[in-house]
**Student:** 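This is the structure I have questions about; it appears just below.
The model shown is predicted, which means the values in this text are computed figures rather than measured ones.
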Amino acid sequence: DLEANRERIARGMDTLSQPLAVGHFLIAKRGQADMLLQMGRLVEAETLYREILERAAREFSPSHPSFHLYIEGMVKVLTQQGRLGDARALAEASLAQQIKQGFSPESRIITVTRRRLASIYVAQGNWPAAHTQYQAIQAALAKDANLRARLGRGDMDWALTLLRIGQPVAAEQMMGNLLADESRRFGEDDHELAETRGIYAMTLAANGKTDEALGMFRQAVPALLQAQREASEEEASTTSRRLVVILEAFLDLLYSLQ
């Protein structure tokens, strides 16, 4: 509708401003890119995000807040492709630019960018750097109830970080809440639910709840292995990374029992 909207403006008709119309167009295009990402069509998702970024830079500017949201989407694509160095460089540059531009520490875009950057650090095994980002996120959530309602439940990478820095009780609580939520949303064989169960099993094992941990591992691992077998070449790096972490923890637990 962009050309038709431009024509309505030229005729003096009551309609959206063209920048607002372009904004809606880019939001829709981002939704399409994210659906492709969920389907494992990573190259197509990357192509769409590149188009979105080029159009946003041309219509607005690289300093516009929405531009950083689109960068966050591109970072997500690069991370799922296993291009962690590229993803980290882009996320760090975006966060530095947001801080330089004076974005509020409690703004949604800074929080989302920090969360994405922390996940990259987790994938690289850089637990202190990940913890630093999560501490900043926690401080922002404490000051904004709306933000806390949307992002305060945490995620698997946050729980893994808590586990690695020696806070297994907090990690178990976070994963327990996530599992309760996702059990209502996903089917029993869903890959994401299986990952959540696997990480939750790790936290249970770390807190000495061996029987519960074994049961949860035995639920999670078959679904994770099946998802790995069915993953496309594009998806393989993402599905294998957490699978390896969960399998290593399962083997450690089994070894400790002998």
**Student:** Do Asp157 and Arg242 have side chains that get closer than 4.5 Å, going by heavy atoms?
**Tutor:**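 Yes, side chains in contact.
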**Student:** If every non-hydrogen atom of Ala140 is compared with every non-hydrogen atom of Thr111, which pair is closest and at what distance?
**Tutor:**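 Heavy atoms only, the tightest pair is CB-OG1, 4.1 Å.
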**Student:** How far apart are the C-alpha atoms of Arg11 and Glu7, what are their side-chain angles, what is the distance that settles it, and do they pass the salt bridge (Lys or Arg N to Asp or Glu O under 4.0 Å) test?
**Tutor:** CA-CA 6 Å; Arg11 292 180 179 181; Glu7 186 177 334; 2.7 Å; yes
**Student:** Answer yes when Asp34 and Lys29 have at least one side-chain N-carboxylate O distance shorter than 4.0 Å, and no when they do not.
**Tutor:**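 No salt bridge links Asp34 with Lys29.
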**Student:** Do Ser61 side-chain atoms and Ala57 backbone N/O form a donor-acceptor pair below 3.5 Å?
**Tutor:**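 Not confirmed, Ser61 side chain does not pair with Ala57 backbone.
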**Student:** Holding to side-chain contact (heavy atoms from CB on, under 4.5 Å), I want the full list of residues that pass it with Arg108, two or more places apart in sequence or in another chain.
**Tutor:**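 Here the qualifying residues are Leu69, Val112, Leu147, Arg150.
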**Student:** Evaluate the side-chain proximity of Ile27 to Tyr70: yes if any heavy-atom separation is below 4.5 Å, no if none is.
**Tutor:**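 They are in side-chain contact.
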**Student:** Rounded to the nearest 0.5 Å, what separation is found between the CG atom of Leu162 and the OG1 atom of Thr203?
**Tutor:**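 Interatomic distance, Leu162 CG to Thr203 OG1, rounded to 0.5 Å: 10.5 Å.
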**Student:** In terms of hydrophobic clusters joined by side-chain contacts under 4.5 Å, are Leu160 and Leu251 together?
**Tutor:**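 The answer is no; the residues belong to distinct hydrophobic clusters.
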**Student:** Should Leu214 and Leu254 count as side-chain neighbours, where that means a heavy-atom distance under 4.5 Å?
**Tutor:**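 Side-chain contact under 4.5 Å: yes.
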**Student:** Output the distance between atom OG (Ser66) and atom CD1 (Ile52), rounded to the nearest 0.5 Å.
**Tutor:**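 With rounding to 0.5 Å, OG (Ser66) is 11.0 Å from CD1 (Ile52).
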**Student:** List the atom of Ala130, the atom of Ala118, and the distance in Å for their closest heavy-atom pair.
**Tutor:**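 Reported closest heavy-atom pair: CB-O, 3.8 Å.
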**Student:** Between Glu72 and Arg30, is the closest basic N to carboxylate O distance under 4.0 Å?
**Tutor:**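 So Arg30 pairs with Glu72 through a salt bridge.
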**Student:** Could you check whether any side-chain heavy atom of Asp155 comes within less than 4.5 Å of a side-chain heavy atom of Tyr134, counting everything from C-beta outward?
**Tutor:**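 When only atoms from C-beta onward are counted, Tyr134 and Asp155 do touch, with a gap below 4.5 Å.
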**Student:** Could you check Asp190 against Arg197 for salt bridge (Lys or Arg N to Asp or Glu O under 4.0 Å), going step by step and ending with a plain yes or no?
**Tutor:** CA-CA 11 Å; Asp190 184 84; Arg197 282 174 170 156; over 6 Å; no
**Student:** Could you work out, with side-chain contact (heavy atoms from CB on, under 4.5 Å) as the rule, every residue matching Asp252, not counting sequence neighbours?
**Tutor:**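 By the side-chain contact (heavy atoms from CB on, under 4.5 Å) rule, Asp252 matches no residue at all.
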**Student:** Report whether Leu117 and Leu141 are members of the same hydrophobic cluster (ILVMFWY, side-chain heavy atoms less than 4.5 Å apart, transitive linking).
**Tutor:**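 They do not share one cluster, since no chain of ILVMFWY contacts under 4.5 Å joins Leu117 to Leu141.
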**Student:** Any sub-3.5 Å donor-acceptor pair from Thr47's side-chain atoms to Val43's backbone N or O?
**Tutor:**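 Checking the backbone N and O of Val43 against the side chain of Thr47, a donor-acceptor pair under 3.5 Å is found.
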**Student:** Using ring-ring contact (aromatic ring centres under 6.0 Å, His included) as the criterion, list what pairs up with Phe217, not counting sequence neighbours.
**Tutor:**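 Phe250.
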**Student:** Would you name the heavy atoms of Ala33 and Ala45 that are closest together and state the gap between them?
**Tutor:**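 Result for this residue pair: O-CB, 3.6 Å.
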**Student:** Check ring-ring contact (aromatic ring centres under 6.0 Å, His included) between His64 and all other residues, then give those that pass, not counting sequence neighbours.
**Tutor:**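 Expected list: Phe60.
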**Student:** Taking C-beta and beyond as the side chain, do Gln228 and Ser240 meet within less than 4.5 Å on heavy atoms?
**Tutor:**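 Heavy-atom side-chain distance check passes, below 4.5 Å.
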**Student:** Just do the side chain to side chain contact (heavy atoms under 4.5 Å, CB included) check on Val245 and Met202 with the steps written out, would you?
**Tutor:** CA-CA 9 Å; Val245 169; Met202 291 174 63; 3.7 Å; yes
**Student:** State, with a plain yes or no, whether a side-chain heavy atom of Glu44 is found less than 4.5 Å away from one of Leu48.
**Tutor:**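 SC-SC contact between Glu44 and Leu48 ruled out.
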**Student:** Once rounded to the nearest 0.5 Å, what's the spacing between atom CD of Gln138 and atom CZ of Arg148?
**Tutor:**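 Spacing of CD (Gln138) from CZ (Arg148) equals 9.0 Å.
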**Student:** State plainly whether one hydrophobic cluster holds both Val75 and Ile109, where clusters connect Ile, Leu, Val, Met, Phe, Trp and Tyr through side-chain heavy atoms under 4.5 angstrom apart.
**Tutor:**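 Shared cluster, no.
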**Student:** Which donor-acceptor pairs under 3.5 Å do the side chains of residues 84-95 make with protein atoms, sequence neighbours left out?
**Tutor:**
{"from": "Arg88", "atom 1": "NE", "to": "Glu92", "atom 2": "OE2", "distance (Å)": "2.9"}
{"from": "Arg88", "atom 1": "NH1", "to": "Gln124", "atom 2": "OE1", "distance (Å)": "3.2"}
{"from": "Glu92", "atom 1": "OE2", "to": "Tyr121", "atom 2": "OH", "distance (Å)": "2.6"}
{"from": "Ser94", "atom 1": "OG", "to": "His68", "atom 2": "ND1", "distance (Å)": "2.9"}
{"from": "Ser94", "atom 1": "OG", "to": "Gln98", "atom 2": "NE2", "distance (Å)": "3.0"}

**Student:** Does the side chain of Met216 reach to within under 4.5 Å of the side chain of Leu179, using non-hydrogen atoms?
**Tutor:**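 Yes. Closest side-chain heavy atoms under 4.5 Å.
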**Student:** Quick check for you: to the nearest 0.5 Å, what is the distance between Ser119 atom OG and Met156 atom CE?
**Tutor:**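 It is 9.5 Å, given to the nearest 0.5 Å.
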**Student:** Quick check on the hydrophobic clustering: are Leu36 and Leu53 connected, directly or via other members, by side-chain heavy-atom contacts under 4.5 Å?
**Tutor:**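 Unlinked, Leu36 and Leu53 end up in two clusters.
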**Student:** Listing request: all side chain to side chain donor-acceptor pair (under 3.5 Å) pairs with a residue in residues 167-178, at least two apart in sequence or in separate chains.
**Tutor:**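 Qualifying pairs, neighbours excluded: Glu172-Asn207, Glu172-Lys209.
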**Student:** One pair to check against side chain to side chain contact (heavy atoms under 4.5 Å, CB included): Glu51 and Arg55. What are the steps and the verdict?
**Tutor:** CA-CA 6 Å; Glu51 292 175 6; Arg55 185 68 179 264; over 6 Å; no
**Student:** Between Ala159 and Ala171, which heavy-atom pair has the shortest distance, and what is it?
**Tutor:**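 Residues Ala159 and Ala171, closest heavy atoms: O-CB, 3.4 Å.
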**Student:** Is a side-chain N or O of Arg114 found less than 3.5 angstrom from the main chain of Gln133, in a donor-acceptor match?
**Tutor:**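 Looks like no, no N/O pair under 3.5 Å.
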**Student:** Is Arg50 paired with Glu54 through a side-chain N to carboxylate O contact shorter than 4.0 Å?
**Tutor:**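 No, this pair does not count.
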**Student:** Linking I/L/V/M/F/W/Y whenever any side-chain heavy atoms sit under 4.5 Å apart, do Leu163 and Met175 land together?
**Tutor:**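 Linked within one cluster.
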**Student:** Determine, stepwise, if the pair Glu182 / Thr196 fulfils side chain to side chain donor-acceptor pair (under 3.5 Å).
**Tutor:** CA-CA 8 Å; Glu182 292 183 5; Thr196 301; 2.4 Å; yes
**Student:** Of the non-hydrogen atoms in Ser17 and Ile9, which two are nearest, and what is the gap between them?
**Tutor:**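 Residues Ser17 and Ile9, closest heavy atoms: C-CD1, 4.1 Å.
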**Student:** Has the side chain of Arg184 got a donor or acceptor atom that lies under 3.5 Å from a matching backbone atom of Ala180?
**Tutor:**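 Yes, the answer is positive, given that a donor and an acceptor are paired below the 3.5 Å cut-off.
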**Student:** Using 0.5 Å steps for rounding, measure from the CD1 atom of Ile110 to the CD1 atom of Ile99.
**Tutor:**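 CD1 of Ile99 is found 5.5 Å from CD1 of Ile110.
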**Student:** State whether Arg241 and Glu195 are salt-bridged, where the test is any N-O pair (Lys NZ or Arg NE/NH1/NH2 against Asp/Glu carboxylate O) under 4.0 Å.
**Tutor:**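 Judged by the 4.0 Å cut-off on N to carboxylate O distance, Arg241 and Glu195 do not form a salt bridge.
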**Student:** Can you tell me how far apart NZ (Lys76) and CG (Leu78) are? Round to the nearest 0.5 Å.
**Tutor:**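 One finds 12.0 Å between NZ of Lys76 and CG of Leu78.
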**Student:** So do Val122 and Trp158 actually touch side chain to side chain, heavy atoms under 4.5 Å?
**Tutor:**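 Trp158 vs Val122: side chains apart.
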**Student:** Determine the minimum heavy-atom distance between Ser63 and Phe103, stating which atoms define it.
**Tutor:**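 Minimum heavy-atom contact is O-CZ, 4.2 Å.
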